[in-house]
Amino acid sequence: MVSVEEASAVVLASVFKSRPEKVRVEEAVGRVLAERILADRDFPPFDRVAMDGVAIQYASWKSGRNEFFIEAVQAAGEPRKELMNGNNCLEVMTGAMLPEGTDAVIRYEDVRIENGLATIQVSEISIRQNIHKQAQDAKHDEVLLEPGIVLSPAEIALLASVGKSIVDVFSLPKAAVVSSGDELVEISSTPAPHQIRRSNTYALQAAMRSVGWESDSFHMADEKESIIQSLKELITKNDVIILSGGVSKGKFDYIPDALEAIGVRKLFYQVNQRPGKPFWFGVSEKGKVVFALPGNPVSTYMCFYRYIKPWLFKSLGIEVQSLQAILGSDFSFAPSLTYFLQVEVRLEKGRLIAYPNQGGGSGDFANLKNVTGFLELPADRIEFKKGEVFDYIPFRSAR
């Protein structure tokens, strides 16, 4: 049996070798950028009007004039116009090119317009006010985005602004999520008294989808030769297999033997943790990765966030800052195991406070609705005091 730290180190040393692939910008949100993005022009590309109002020549106002005849209107999307008389003005719209011969914009709220005459009604004006200067945000050929960033809607807007309809992102591993066990039936079925509906694969796929990772799902019955044949097919078609169930010491837990039978080398089996102790991890000769997780729902869920999600992020080159939270009440746990305590974390006075809500054990998946994540309590202690700080693994935002 290995420690949590040893298991984590082994997992993170066996990452997927991601390569750039091209996707449409509409499909790139949540993906990891694989190319450097440069500004294809100045940003903004011209002196841009930042407020609806009138554009004047500042020197004219400075000389004492506060009434300006309106020569024309400069709309957004029109070619640049020119102020013909320095004692006049142009009405201008937000986003328009600043008319030639003007260098200050006074917003409509500070101007009275009657019979084609604009009267400025404020006593203070500064040169170049309400003007978004050309190249103020970025110069032509300036680096806007570096590889490794997770693309949010903000970055999608930047990509669109430089004409990137197709963008290079790092490829995601092709994944299969597999449940096993004769007691499991489809969610659309009515289970017999001795059966339960499949839920772990749906939870895993939902967790994967939350980070932009799609997968196919499968189910295997408790029959050893059938499991071996199914895994042999899956390992050839996928980069990673995530199994749930069939990895303990029960008479019908065939997964560990079946994986080794198809050439997946075991790197560890059993981790000194609760929940999730019977966790099996291995890699094939061709670098295919297998996570074989315990079937108890909380164990499966915790292992995804503690091991699989960090594995994916490291594979894609995403740097993630670890989170910590403050224990909100005293807690004790006797066995010498790393304990992943279910907690509800609340943001109080700028601090993350974790309140224990351990539920009924690793089979009590209903309790997950009451918590926000797991607090990782070290194995070398029994008593944990209110106010102490521990690593925190969230699966939803603090409440």
Side-chain angles (χ1 to χ4, degrees), residues 4 7-8 11-12 14-16 18 29-32 150-152 170-181 184 186-187 196-219 234 238-247 271 273 275-276 278-281 289-316 318 320-323 325 340-345 357 359 362-376 391-399:
V4 167
S8 184
V11 167
L12 295 180
S14 306
V15 294
F16 167 71
S18 181
V29 69
R31 300 294 298 271
V32 179
V150 179
L151 295 171
S152 75
F170 286 110
S171 61
L172 291 162
K174 183 172 173 54
V177 175
V178 186
S179 59
S180 69
L184 300 176
E186 273 293 348
I187 61 172
I196 57 174
R197 293 185 179 93
R198 290 202 283 275
S199 61
N200 285 356
T201 53
Y202 291 92
L204 285 167
Q205 287 187 297
M208 294 165 72
R209 202 171 290 119
S210 72
V211 292
W213 190 16
E214 297 293 336
S215 62
D216 296 318
S217 66
F218 304 87
H219 180 73
L234 289 173
N238 294 278
D239 302 304
V240 57
I241 299 176
I242 304 171
L243 294 122
S244 173
V247 293
V271 181
Q273 64 185 15
F279 171 19
W280 193 102
F281 178 77
V289 172
V290 178
F291 295 90
L293 311 179
N296 280 327
V298 178
S299 300
T300 297
Y301 206 64
M302 184 281 293
C303 285
F304 176 85
Y305 285 96
R306 179 59 179 83
Y307 299 100
I308 301 177
K309 185 177 176 182
W311 172 86
L312 174 70
F313 281 10
K314 185 170 182 184
S315 297
L316 299 175
I318 302 173
V320 180
Q321 296 294 325
S322 60
L323 283 178
F340 291 93
L341 174 65
Q342 295 181 60
V343 292
E344 179 187 351
V345 165
N357 187 344
S362 58
D364 183 10
F365 61 91
N367 191 63
L368 291 172
K369 71 181 186 299
N370 301 317
V371 299
T372 60
F374 301 93
L375 207 62
E376 186 171 329
D391 287 342
Y392 171 57
I393 303 160
F395 57 80
R396 75 169 103 241
S397 301
R399 290 171 170 164

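The backbone N or O of S171 lies less than 3.5 Å from a partner atom in the side chain of S18, making a donor-acceptor pair. In terms of modelled atom types and a separation under 3.5 Å, the side chain of T372 and the main chain of V345 share a donor-acceptor contact.
Heavy-atom minimum distance, L375 versus A325: CD1-CB, 4.0 Å. Between N367 and N357, the shortest heavy-atom contact is ND2-O, 2.9 Å. Closest of all the heavy-atom pairs between T300 and S244 is OG1-OG, 3.4 Å. Nearest heavy atom pair, residue L323 against residue P394, reads CD1-CG, 3.7 Å. Closest approach of F279 to G276, counting heavy atoms only: CB-O, 3.4 Å. In terms of heavy-atom proximity, Y305 sits nearest to P310 at O-CD, 3.4 Å.
Here the straight-line distance linking atom SG of C303 with atom CZ of F374 works out to 9.0 Å at 0.5 Å rounding. Rounding to the nearest 0.5 Å gives a distance of 7.0 Å between CD1 of I393 and CE of M302. Y392 OH to L341 CG: the interatomic distance, rounded to the nearest 0.5 Å, is 11.0 Å. Between the CG atom of L172 and the OG atom of S215 there is a distance of 11.0 Å, given to the nearest 0.5 Å. The OG atom of S179 sits 11.0 Å away from atom CZ of F218, with the distance rounded to the nearest 0.5 Å. Between atom CZ of residue R306 and atom CG of residue D391 there is a gap of 7.5 Å, rounded to the nearest 0.5 Å.
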**Request:** Please assess Y202 against V177 for the test side chain to side chain contact (heavy atoms under 4.5 Å, CB included), listing each intermediate value before the final yes or no.
**Result:** CA-CA 9 Å; Y202 291 92; V177 175; over 6 Å; no
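Remark: E214 engages R209 in a salt bridge, criterion side-chain N to carboxylate O under 4.0 Å.
Evaluated for a ring-ring contact (aromatic ring centres under 6.0 Å, His included) with F291, the options F16, Y307, F304, W311 yield exactly one hit, W311.
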